[in-house]
There are 2 protein chains.
Amino acid sequence: MEILIAEDDEQIANSLKKNFTEEGNHVMVAKDGEEAIHFSNSIFFDVILLDWRMPKVSGIEVCRRIRENGSKVPIILLTALSHVKNKVEALNLGADDYVTKPFSFDELNARITAVVRRYQSNTNELIFNDITLELIGRKVNTPRGEIYLTAKEFDLLRYFILHKGSIMSKEEICKDVWGLDFVPSTNIIEATVKNLRRKIEDNNGKNLIKSIYGEGYLFIAE
Amino acid sequence: MEILIAEDDEQIANSLKKNFTEEGNHVMVAKDGEEAIHFSNSIFFDVILLDWRMPKVSGIEVCRRIRENGSKVPIILLTALSHVKNKVEALNLGADDYVTKPFSFDELNARITAVVRRYQSNTNELIFNDITLELIGRKVNTPRGEIYLTAKEFDLLRYFILHKGSIMSKEEICKDVWGLDFVPSTNIIEATVKNLRRKIEDNNGKNLIKSIYGEGYLFIAE
DNA sequence: AACAATAATGAAAATTCATTCACTTTCTAT
DNA sequence: ATAGAAAGTGAATGAATTTTCATTATTGTT
């Protein structure tokens, strides 16, 4: 999983990062609210952990801003305050859960699992800029009208959007989109990318799918 | 939309039924909680309206029992009581919204729209008995293992399950599954039903898809 | 029981889609 | 600049799926 931790207390941040990384996750640490917003806007995360008290922008304000942008990424707030009113406020602003310091790593982990599962099984719409994927109906809409994608193109676009902002290797793409544990000797990915590019290029003919020579693809995160 | 109204006050029930029917919906009225549970277990509804005070089984108890069965159908409670505590109780027991009498038809309608939209965009799993459809991943699982359906077969099964218990005409099926506004002169539906039947028949070779001569198909509820 | 309408079936035809291939272009390191 | 690797392209292939068709079976009505 891709995890973003926004926490100004370096000791806590590092300890969490170490624990999560050991479990096989990728962790990024933002040291204030501003950075958290910046990261969350450009990179895909499975879950975002926000400290309530942070320099520049508070966790709850970060939460509000993330939701304002239309993102439904799971958010868990961490805080020393245990007053119930805060909890209500947090949940009203779109946080998915709330953990009171001090907490055990296991407790936090359990809550992350619960929140991520709830999220993953509960979203029909995947929105990227002006492109909207209707995941169940498998339709793709833009302000210019519906785009008709084949099954593979749709799966690939979904994968790209979910992982926007980070480089996706051919190995990963093969595994997640084609269900293959190896990279075929043919150029099947490139061929599908070609067709997808043609269909989703914008008015200016600019494309969102960037090739990173020797590494894979990068879906531009606005 | 398919709407179930559980309301013992005949005057209110009829007035609501008239209004909803005029807007092109199909309405069923249950005159007590027992009937409401019975209907909701055997027929698909897009939304269920429950009066709080009803003979035999109260609305809130009906709500609890429906949720107990695993159904996530949108439920709106109607009540004369306006005390906040009841609202909390209702929402805790799994109701999606709560409307206080007297209410205007427009208000109720707006809440239905909101609740149905929220529901439709938020379910990945569609469960029918021991068949589970993973709507986004498009996989079908049973205790006997995964069933591999083609795209059309999957869409048709989804439609059948969503409308279990009521007869579906070929016109409706054509429109919703094939996106056609007319029924083709060929037997395309029958052919697809045949293949679907073969794949989802149970251990005894019994099938869930029943033909209603001259009317359409019926997906056996329960 | 006989008829007409409707539905089911198996196989063929048509279509669509995923994949491959041969070739061109682009990129990076030297 | 250039070679070699990587990525892109358009067309062809092949496989899977959707649709059609001819035929048989079933159902409801008389």
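A, B, ... follow the sequence lines: proteins, then strands. Residue 1 opens every chain.
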Considering non-hydrogen atoms only, spot the tightest contact between Asp8(A) and Pro55(A) and give its length.
-> CB-CD, 3.5 Å
Under 4.0 angstrom, heavy atoms only, what part of the nucleic acid is Lys170(B) near: base, sugar-phosphate, or nothing?
->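 The residue Lys170(B) makes sugar-phosphate contact but no base contact.
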Checking all strands, does Tyr217(A) fall into the base, sugar-phosphate, or nothing category for heavy-atom contacts under 4.0 angstrom?
->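 Result for Tyr217(A) = sugar-phosphate.
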Kindly say whether, by distance alone, the side chain of Asn187(B) makes a donor-acceptor pair under 3.5 Å with the base of dT9(C)?
-> yes
Within the modelled atom types, does a donor on one side and an acceptor on the other bring the side chain of Tyr213(B) and the base of dA7(C) under 3.5 Å apart?
-> no
Without decimals, in angstroms, what is the distance between [X] [atom1] and [N] [atom2]?
X: Leu156(A); N: dC17(C); atom1: CG; atom2: C1'; answer: 15 Å
X: Leu149(A); N: dA18(C); atom1: CG; atom2: C1'; answer: 15 Å
X: Phe154(B); N: dA16(D); atom1: CZ; atom2: C1'; answer: 18 Å
X: Glu190(B); N: dA25(D); atom1: CD; atom2: C1'; answer: 14 Å
X: Tyr148(A); N: dT16(C); atom1: OH; atom2: C1'; answer: 16 Å
X: Ile188(B); N: dT15(C); atom1: CD1; atom2: C1'; answer: 12 Å
X: Asn195(B); N: dA16(D); atom1: CG; atom2: P; answer: 15 Å

Kindly point out which of dT19(C), dA8(C), dT20(C) is positioned nearest to the side chain of Trp178(A)?
->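 When the side chain of Trp178(A) is considered, dT19(C) is the closest of dT19(C), dA8(C), dT20(C).
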Would you mind checking if Glu68(A) and Arg65(A) are paired as a salt bridge, meaning a charged N to carboxylate O distance below 4.0 Å?
->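 Here Arg65(A) does not pair with Glu68(A) in a salt bridge, since their nearest N and O are not under 4.0 Å apart.
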Hey, is Arg138(B) close enough to Asp155(B) for a salt bridge, meaning N to O under 4.0 Å?
->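 Asp155(B) and Arg138(B): salt-bridged.
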Between Lys194(A) and Glu215(A), name the one whose nearest nucleotide on DNA chain D is closer to the 5' end.
->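 Taking each residue's closest nucleotide, the earlier one in sequence belongs to Glu215(A).
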So, Tyr159(A) versus Phe219(A), ring centres under 6.0 angstrom or not?
-> no
Along DNA chain C (nearest heavy atom to each residue), the more 5'-positioned of Ala191(A) and Ile212(B) |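 Counting from the 5' end, the first nearest nucleotide belongs to Ile212(B).
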